[in-house]
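Structure, as structure tokens:
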Amino acid sequence: MIYVLNGPNLGRLGTREPEIYGADTYADLVELCVSTGKELGLEVEVRQSDFEGELLSWLHEAADRRIPVVLNPAAFTHYSYAVCDAVAMRTAPLIEVHISNPAAREEFRHTSVVAGVATGTIAGFGLQSYVLALRAMADLIR
């Protein structure tokens, strides 16, 4: 089992700034992650929340159950020390993922408070960032 956890506004994919995030919808993202997981022989559960506390609960659950995580913290990437602390408690690999390349965007997006406690980060490849993260995760957990 791998959790793919998504933070705020990612449920709006397809309508939110398509010039940055593309035209694919959140449903497309879920299907891509689940089908990639099947291809790799992995069960993938995809979740999204606009609420920091819910995301924290899922990260705690993953830590308690030793579940690997692919995490797109979205806006929480840049300022949520609570998410950073929850990621630091991980007991399995955690890959930070971003659809766009935060380093090529506004200056406030250049800093990730999560990157230093994640196993690794993949960014800038659109929804393919998730595919790359799941492939990397498969290698890490085997």
Side-chain angles (χ1 to χ4, degrees), residues 1-40 42-141:
M1 167 70 75
I2 295 175
Y3 284 171
V4 175
L5 304 179
N6 294 286
N9 299 313
L10 286 163
R12 311 271 307 155
L13 287 176
T15 59
R16 177 188 180 209
E17 300 176 279
E19 67 280 3
I20 295 172
Y21 299 103
D24 293 320
T25 66
Y26 181 72
D28 295 331
L29 171 62
V30 172
E31 174 56 33
L32 178 64
C33 290
V34 171
S35 65
T36 299
K38 285 181 185 173
E39 174 189 315
L40 297 168
L42 302 169
E43 182 181 353
V44 174
E45 184 172 325
V46 185
R47 302 177 182 179
Q48 187 275 327
S49 181
D50 293 326
F51 302 100
E52 186 176 30
E54 187 167 35
L55 189 60
L56 293 172
S57 293
W58 295 338
L59 289 166
H60 295 163
E61 177 185 326
D64 291 347
R65 296 179 57 203
R66 300 188 187 290
I67 296 172
V69 175
V70 171
L71 172 66
N72 186 337
F76 296 141
T77 302
H78 315 294
Y79 70 88
S80 179
Y81 296 110
V83 170
C84 173
D85 289 345
V87 170
M89 290 184 255
R90 67 186 175 79
T91 56
L94 183 142
I95 299 174
E96 178 186 14
V97 66
H98 298 283
I99 295 168
S100 67
N101 178 359
R105 296 189 58 201
E106 304 92 338
E107 188 172 336
F108 78 90
R109 297 184 195 276
H110 295 182
T111 299
S112 169
V113 299
V114 174
V117 291
T119 305
T121 301
I122 298 173
F125 298 98
L127 296 191
Q128 287 300 305
S129 293
Y130 289 85
V131 173
L132 294 169
L134 287 166
R135 290 184 186 285
M137 187 66 76
D139 288 343
L140 288 171
I141 62 176

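Just so you know, these numbers come straight off a predicted model, no measurement behind them.
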Quick one: salt bridge (charged side-chain N to carboxylate O under 4.0 Å, His left out) partners of [X], sequence neighbours excluded?
| X | result |
| --- | --- |
| E39 | R135 |
| R47 | E45, E61 |
| R109 | E106 |

Can you measure from [atom1] ([X]) to [atom2] ([Y]) and round to the nearest 0.5 angstrom?
| X | Y | atom1 | atom2 | answer |
| --- | --- | --- | --- | --- |
| L59 | E54 | CG | CD | 11.0 Å |
| C33 | I2 | SG | CD1 | 10.0 Å |
| I99 | L13 | CD1 | CG | 4.5 Å |
| Q48 | L29 | CD | CG | 9.5 Å |
| L5 | I67 | CG | CD1 | 9.5 Å |
| L71 | W58 | CG | CH2 | 11.0 Å |

Please report the closest heavy-atom contact between [X] and [Y], naming both atoms and the distance.
| X | Y | value |
| --- | --- | --- |
| T77 | H98 | OG1-CE1, 3.0 Å |
| P68 | R66 | CD-O, 3.7 Å |
| V117 | C84 | CG2-O, 3.6 Å |
| P8 | D50 | CA-OD1, 3.2 Å |
| A133 | I95 | O-CD1, 3.4 Å |
| T91 | A63 | OG1-O, 2.7 Å |

For Y79, I'd like to know if atom OH has over 12 heavy atoms of other residues, nucleotides or ligands within 6.0 Å. yes
I need the full list of salt bridge (Lys or Arg N to Asp or Glu O under 4.0 Å) pairs touching residues 115-133, with sequence neighbours left out, sorted by first then second residue.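 For residues 115-133: none.
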Taking only residues two or more places apart in sequence or in another chain, which ones pass side-chain hydrogen bond (donor to acceptor under 3.5 Å, both in side chains) with [X]?
| X | result |
| --- | --- |
| D85 | none |
| T36 | none |
| T119 | R90 |

Test V44 against L134 for side-chain contact (heavy atoms from CB on, under 4.5 Å), laying out the working first. CA-CA 9 Å; V44 174; L134 287 166; 4.2 Å; yes
By side chain to side chain contact (heavy atoms under 4.5 Å, CB included) - contacts of [X] (at least two apart):
| X | value |
| --- | --- |
| A115 | E96, S112, T121 |
| F125 | I122, Q128, S129, L132 |
| H110 | E107 |

Mind running side-chain contact (heavy atoms from CB on, under 4.5 Å) on L42 and I141 for me, showing each step along the way? CA-CA 10 Å; L42 302 169; I141 62 176; 4.0 Å; yes
Pairs flagged by side chain to side chain donor-acceptor pair (under 3.5 Å) wherever residues 26-35 is involved - sequence neighbours left out: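 The answer is T25-D28.
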Does anything in residues 4-15 form a side chain to side chain donor-acceptor pair (under 3.5 Å)? List the pairs, not counting sequence neighbours.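 The answer is N6-Y130.
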